[in-house]
*Asks:* 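Following this message is one structure expressed as structure tokens.
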Amino acid sequence: MTRTRWFAVHAELSPRARSLLGFLSFVLPILIWCVVSYVPAVWHPLVLITDPGSVDYFQPDMRVDRATFAQETADAKAQGRDLPQGVAANPIYLPAPDEVLRAFYTAFTTPPESRDSPWLHQSLWHSIQVIFWGFVISSIFGVPLGILCGTYSPISRLTEPFIEFFRYLPAPAFGALAVAILGIYDGPKIAVIVIGTFFQQVLIIANTTRKLDGALVEAALTLGTKNLQLLSRVVIPGILPDLYRDQRILLGWAWTYLIVAELIGTTTGITWFITQQARYQHFPNVYAAIFMIGIIGLGTDIVLAQLGKRFFPWDRTAKA
Amino acid sequence: MNAQKTLPSYLEQSDEVRARFDRLKSRDVILKVKALGKTFETRKGETVALKGIEFETHRREFLCIVGPSGCGKSTLIRILAGLETQTTGEVLLEGKPVRGPGRDRGMVFQGYTLFPWLTVKRNVMFGLEVNNAGRLEAERQALQWLQLIGLEKFADAYPHQLSGGMKQRVAIARALANQPRILLMDEPFGALDAQTRARMQAYLLEIWRKIDITIVFITHDLDEAIYLADRVLVLKPHPGEVQELIEVPVPRPRQMGQFISEEFLATKARLEELIYSSEAETEEGDEPYPVMMRLAEAGDNVE
């Protein structure tokens, strides 16, 4: 009974089931990560040396292949020398959950390697600003153009075929060009995010606008609505909740361009932090920084979704 | 069946009804449709949707348009509203040709078409606001209209919180608040259940009695047409042409009890005759039911 109810197509889930499953969607990957990290029998292809014993090239905290370790141990045993000691370990690029969790705190408290480099929170703030301006500039042009395309067919035919072509050009390909035009600081980074977002934005919003119920426009016409009023009083309010949803999706899109954008010119922001930490093999910090992007992204989206409910109390499609 | 033979002709009118029609016809012609035609360009060539439509409606008349599916009745009302343009002929509203939609012709659609982002009150204010009435004046009038349709308690509700019948009442109030000369209704109660529909019909007659409005009402429900209308315009399909303009001999004020009166039944018989004869000509009417083989067990009969 329960099984058929859960696996009915588009089954309605109870709020409790919904939050439980949502919680599990995070817990399950973390659980897998824990098993791989904490159960020595699972994977652990390396041995972390605790005591090199008589093996002259072994060092404490060195990671060697399990096979090599076994070979050296066997040799030492055969020759009656001191045995090396070690524990099963994963490669250094896969830190355990607790290390990464600790890094969430220590990454903020550890001073940068050189004095004039930014702290983590400064790097993060820099990234957020780049995203913000890229998204805002794209929206200033993309949203109105999208609405016009979705409303007036001539504008749509005049612009959309070219935009359709342009959106296939990978935004990072314009990086070098952007540096030549805008210099090496934030200009080209913002430009890449704009290029990556703008063209999709116009097409998506045009599409959303086209989906507005034509009968509402007709009703407004029979009430004596004219030209621009039709746009400001019917089209825009009519698509607003969907437009808002589109913008949330597009903002997530902009985040995916961030890392590539920050590599252009002088590397800055969270990307600078990640590459720097990777260079020193501080992999827990690398993971923590990557997860921070996810947390900021998801957090913003959840906040925006809640605000959306507040903004559009009449919206019935926002249930899911 | 036997009763039908003894029915009077639908053309017979009591003196009272005849006097009312004389009064009606002595009022000004408000809507005049002259030699109206509409041709659609399709890939298969031209389709004639409407051809040579001619009729007149007098001020405060209630006109129903009926016809089988495909007779172009929706196209006709959309042309009257100015949402579509005719290929030939003319529509005159108080002598002036109709060009495009305008506030002088209100329209109520089957699909409610209330603006979901506006409250009930703001929906009713919409027409007044786009026509530059002040916000306060628009609000005052909107509240009056809500009172008339009995929904003043729902002024601040959103359309999705209303039932179908309530939505349609708001849609009627929204159209009327603009003070149009004529109210066009395209199967407005088609989506409602039978009881709500009956209540809405009574409501509409009540509103029509109270205010100076001419109503052109499309329906495929013949009972509804006879119950509401002064005159019924019958269209036939392929191409859409006027078949007959019937003066409904049922006296006013109308009540549900009249559904079984002789005049009512006579008129209905005539409408059915007209519509089913033209429907038989269409492809749908031509197609015979396929002969079905029996799948239930022998002897297991339901009739």
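Below, chain A is the first sequence line, B the second, and so on; all start at residue 1.
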*Asks:* Under 6.0 Å from the CG atom of A:L28, do we count more than 12 heavy atoms belonging to anything else shown?
*Replies:*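 Enclosed.
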*Asks:* Has A:F166 got more than 12 heavy atoms of other residues, nucleotides or ligands less than 6.0 Å from its CZ?
*Replies:*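 Enclosed: over 12 neighbouring heavy atoms sit under 6.0 Å from CZ of A:F166.
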*Asks:* Need one label for B:R78: side chain, backbone, both or neither, based on atoms under 4.5 Å from any heavy atom in chain A.
*Replies:*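 Side chain only.
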*Asks:* If you look at every heavy atom in A:G224 and B:N131, which pair is closest and at what distance?
*Replies:*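 Closest heavy-atom pair between A:G224 and B:N131: O-OD1, 3.9 Å.
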*Asks:* Do A:V234 and B:F126 touch side chain to side chain, with heavy atoms closer than 4.5 Å?
*Replies:*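 With C-beta onward as the side chain, the pair touches.
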*Asks:* Taking all heavy atoms of B:W117 and all of A:G238, pick out the closest pair and write down the distance.
*Replies:*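 Heavy atoms only, the tightest pair is CZ3-CA, 3.3 Å.
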*Asks:* Please check if atom OH in B:Y158 has more than 12 non-hydrogen atoms from other residues, nucleotides or ligands closer than 6.0 Å.
*Replies:*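 Result for OH/B:Y158: enclosed.
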*Asks:* In terms of heavy-atom proximity below 4.5 Å to chain A, should B:L118 be classed as side chain, backbone, both, or neither?
*Replies:*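 Looking at B:L118, nothing touches chain A.
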*Asks:* Shortest non-hydrogen contact from A:L216 to B:P116?
*Replies:*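 Scanning both residues, the minimum pair turns out to be CD1-CD, 4.0 Å.
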*Asks:* OG1/A:T222 to CG/B:L183 distance, rounded to the nearest 0.5 angstrom?
*Replies:*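 Between atom OG1 of A:T222 and atom CG of B:L183 there are 9.5 Å.
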*Asks:* Please determine whether side chain to side chain contact (heavy atoms under 4.5 Å, CB included) holds for the pair B:T113 and A:E218, giving the CA-CA distance in whole Å, both sets of side-chain angles, and the decisive distance to 0.1 Å.
*Replies:* CA-CA 9 Å; B:T113 66; A:E218 291 189 338; over 6 Å; no
*Asks:* Could you state the interatomic distance from CG (A:L221) to CZ (B:R103), rounded to the nearest 0.5 Å?
*Replies:*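 Between A:L221 CG and B:R103 CZ, I get 14.5 Å after rounding to 0.5 Å.
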*Asks:* Given that the side chain runs from C-beta out, which part of A:Q229 has a heavy atom under 4.5 Å from chain B: side chain, backbone, both or neither?
*Replies:*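 Contact with chain B: side chain only.
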*Asks:* Shorter than 4.5 Å, heavy atoms on both sides: which option in A:A219, A:A220, A:A215, A:P237 has the most such pairs with chain B?
*Replies:*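 That would be A:P237.
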*Asks:* B:F115 versus A:R233: any side-chain heavy-atom pair under 4.5 Å?
*Replies:*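 Side-chain contact under 4.5 Å: no.
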*Asks:* More than 12 foreign heavy atoms under 6.0 Å from CH2 of B:W208: is that the case here?
*Replies:*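 Enclosed.
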